[in-house]
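This report concerns only the one structure given below.
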Number of protein chains: 2
Amino acid sequence: MMLMNNKEKLRKAGLRPTKQRMIIANILLNGINRHFTAENLQNEINSSGNSMSIATIYNCLKKFRNCGLIKQVESSKETAIFDTNIDQHHHFLDEETGELIDIENEEINLFKLPEIPKGYMNSGVEVLIKLKRQN
Amino acid sequence: MMLMNNKEKLRKAGLRPTKQRMIIANILLNGINRHFTAENLQNEINSSGNSMSIATIYNCLKKFRNCGLIKQVESSKETAIFDTNIDQHHHFLDEETGELIDIENEEINLFKLPEIPKGYMNSGVEVLIKLKRQN
DNA sequence: AAGTAGTTTAGAACGATTTCAAAGTAAAAA
DNA sequence: TTTTTACTTTGAAATCGTTCTAAACTACTT
Ligand SMILES: [Mn+2]
Ligand SMILES: [Mn+2]
Ligand SMILES: [Zn+2]
Ligand SMILES: [Zn+2]
């Protein structure tokens with residue numbers, strides 16, 4: 001598990017390890033957690049000496065998300081924000097800048113959760129703590 | 001307080017009670033909590049026998065939000081979702097349909113919140129419980 | 001009543017994302 | 001290998017939600 005390379009990760013997820021997907025996997029799946037937009041990613045691809053159509057970037061991000069390799073953050077910003085941290089976790093949100101900061105799952109303790117509506121099951125709990133600058 | 005009509009609410013919020021704002025206030029500020037998009041609202045305005053430019057609807061929603069008469073929900077949907085429930089509260093999200101269901105603030109108990117980053121203050125906590133259809 | 005500042009409007013513009021259809025490539029079959 | 005097949009990438013056009021523009025309108029003040 002710890003030793004699986006990106007090509008293997010893509011294969012395991014059922015995705016062909018194309019040149020473009022490998023470029024993106026090499027940027028995103030390196031163990032460093034981050035939040036980013038499609039445009040952020042394109043800039044990184046460009047500065048790594050590669051280039052990629054924005055359509056391909058969106059295609060890949062959607063595939064990666066649907067395979068569970070990345071997540072998309074719930075955000076009321078106009079631009080979609082993705083997250084390489086796929087573990088259940090929470091966020092601080094700087095309302096002024098839109099910056100997100102991870103909160104590890106263990107740092108929040110929820111007790112007394114409401115009853116799940118009939119016919120549904122809990123598929124993940126996310127806590128968002130909004131921040132404003134002090135004073 | 002309980003007896004304040006919509007015209008007074010707008011005045012108190014510093015907004016001129018124009019014909020258009022009153023039409024929207026009459027739909028939204030009737031004490032029934034709901035989640036809606038700009039398009040949802042336009043449809044309701046139309047079926048109430050009125051009509052309004054979509055630009056005006058966006059203008060109003062932004063003013064109402066900035067005055068605290070409504071809130072905007074954090075959502076990764078492409079379309080902005082607004083909420084007439086301005087009290088701090090939480091949501092169930094049906095991931096399949098995008099439907100939101102309110103959870104009263106008292107129905108969730110958070111203890112052990114993480115330390116707020118230096119220079120910031122907590123400006124609101126929102127819990128999202130994602131739901132998927134059982135089985 | 002006249003002045004003014006704020007508001008509404010249709011339509012154009014915008015930015016993010018998706019679609020399109022043609023060309024390219026990875027995997028499977030022969 | 002070569003051939004075949006299905007999947008992927010691409011740039012350009014299209015779409016969609018939202019904002020901008022500037023002219024007409026209206027609520028409030030004087
Ligand atoms: Mn969004
Ligand atoms: Mn948009
Ligand atoms: Zn995160
Ligand atoms: Zn709500």
Side-chain angles (χ1 to χ4, degrees), chain A residues 5-27 35-46 48 50-67 69-83 98, chain B residues 5-27 35-46 48 50-67 69-83 98:
Chain A
N5 65 27
N6 287 334
K7 188 175 282 196
E8 291 171 319
K9 283 183 195 161
L10 292 177
R11 284 236 151 81
K12 190 176 165 212
L15 299 177
R16 286 187 182 178
T18 63
K19 176 164 164 278
Q20 288 79 0
R21 286 175 185 161
M22 285 301 295
I23 290 170
I24 291 181
N26 289 336
I27 292 174
H35 306 112
F36 64 96
T37 65
E39 196 193 3
N40 294 156
L41 179 56
Q42 188 172 45
N43 290 338
E44 276 195 70
I45 291 167
N46 291 339
S48 77
N50 293 290
S51 79
M52 201 175 301
S53 161
I54 192 67
T56 301
I57 291 173
Y58 278 106
N59 287 343
C60 279
L61 289 176
K62 189 177 286 190
K63 291 273 190 186
F64 278 34
R65 166 166 51 75
N66 292 344
C67 291
L69 292 170
I70 62 175
K71 294 204 298 188
Q72 183 171 354
V73 175
E74 301 288 330
S75 161
S76 58
K77 302 199 67 184
E78 58 295 333
T79 307
I81 299 174
F82 297 90
D83 194 338
Chain B
N5 64 27
N6 288 334
K7 188 174 281 195
E8 291 170 321
K9 282 183 195 161
L10 292 177
R11 283 233 152 82
K12 191 177 165 212
L15 299 177
R16 287 189 182 176
T18 64
K19 176 165 165 276
Q20 288 79 0
R21 285 176 185 158
M22 284 301 296
I23 290 170
I24 291 181
N26 289 336
I27 292 174
H35 308 109
F36 64 96
T37 65
E39 196 193 1
N40 294 157
L41 178 57
Q42 188 172 45
N43 291 338
E44 276 194 69
I45 291 168
N46 291 339
S48 77
N50 293 289
S51 80
M52 203 177 299
S53 161
I54 191 68
T56 301
I57 292 173
Y58 278 106
N59 286 344
C60 279
L61 289 176
K62 189 178 286 191
K63 291 274 190 185
F64 279 33
R65 166 165 53 75
N66 292 343
C67 291
L69 292 170
I70 62 175
K71 294 203 298 189
Q72 184 172 354
V73 174
E74 300 289 330
S75 161
S76 59
K77 300 199 70 186
E78 58 295 332
T79 307
I81 299 175
F82 297 89
D83 194 338

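Atoms considered below: every heavy atom in the structure, side chains included; atoms not considered: hydrogens, waters and symmetry mates. Numbers restart at 1 for each chain; the letters A, B, ... are given by sequence-line order, proteins then strands.
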Quick one: label B:Lys63 by what it contacts on the DNA or RNA (base, sugar-phosphate, nothing), any heavy atom closer than 4.0 Å. sugar-phosphate
One should read off an interatomic distance between A:Leu41 CG and A:Ile24 CD1, to the nearest 0.5 angstrom, of 5.0 Å
Measure the distance from CG on A:Leu10 to C1' on D:dC7 and round it to the nearest whole Å. 14 Å
5' precedence on DNA chain C between B:Arg16 and B:Asn59 (nearest-nucleotide basis): B:Arg16
Contacts of A:Tyr58 meeting ring pair (Phe, Tyr, Trp, His ring centres under 6.0 Å) (sequence neighbours excluded), chain-then-number -> none
If only side-chain N and O atoms of A:Thr79 are considered, is one of them under 4.0 Å from the OP1 or OP2 phosphate oxygen of C:dG15? no
Please tell me if B:Lys62 has a side-chain N or O lying less than 4.0 Å from either OP1 or OP2 of D:dT19. yes
For the pair made of CD in B:Gln42 and P in C:dT9, what is the distance, rounded to whole Å? 10 Å
On the nucleotide D:dT10, are OP1 or OP2 found under 4.0 Å from the side-chain N or O atoms that A:Gln20 carries? yes
Have B:Thr56 and B:Asn59 got a donor and an acceptor in their side chains that come within less than 3.5 Å? no
Just how far, in rounded Å, is P of D:dC7 from CZ of A:Arg21? 11 Å
Separation of B:Glu39 atom CD from D:dG17 atom C1', in whole Å? 10 Å
Got a sec, which residues hit salt bridge (Lys or Arg N to Asp or Glu O under 4.0 Å) with B:Glu8, two or more places apart in sequence or on another chain? none
Determine to 10° how strongly the helix from C:dA1-D:dT30 to C:dA30-D:dT1 is bent, judged from the axes of its five-pair ends. 30°
Counting only N and O atoms by type, is there a donor-acceptor contact under 3.5 Å from the side chain of A:Asn46 to the main-chain atoms of A:Asn43? no
Without decimals, in angstroms, what is the distance between B:Leu41 CG and D:dG17 P? 15 Å
DNA chain D nearest-nucleotide lookup for B:Tyr58 and A:Ile57: closer to the 5′ end is A:Ile57
Donor-acceptor pair, A:Arg21 side chain versus A:Arg16 backbone, under 3.5 Å? yes
Checking the side chain of B:Glu74 only, and the main-chain atoms of A:Ser76 only, is there a donor and an acceptor separated by less than 3.5 Å? yes
Given that B:Ala80 and A:Thr56 both sit by DNA chain D, which one's nearest nucleotide is further toward the 5' end? A:Thr56
Length of the line joining B:Met22:CE and D:dA27:C1', which is rounded to integer Å: 14 Å
Length of the CG-P vector between B:Asn40 and D:dC16, whole Å: 16 Å
Rounded to whole Å, CZ of B:Arg11 lies from C1' of D:dT29 at a distance of 13 Å
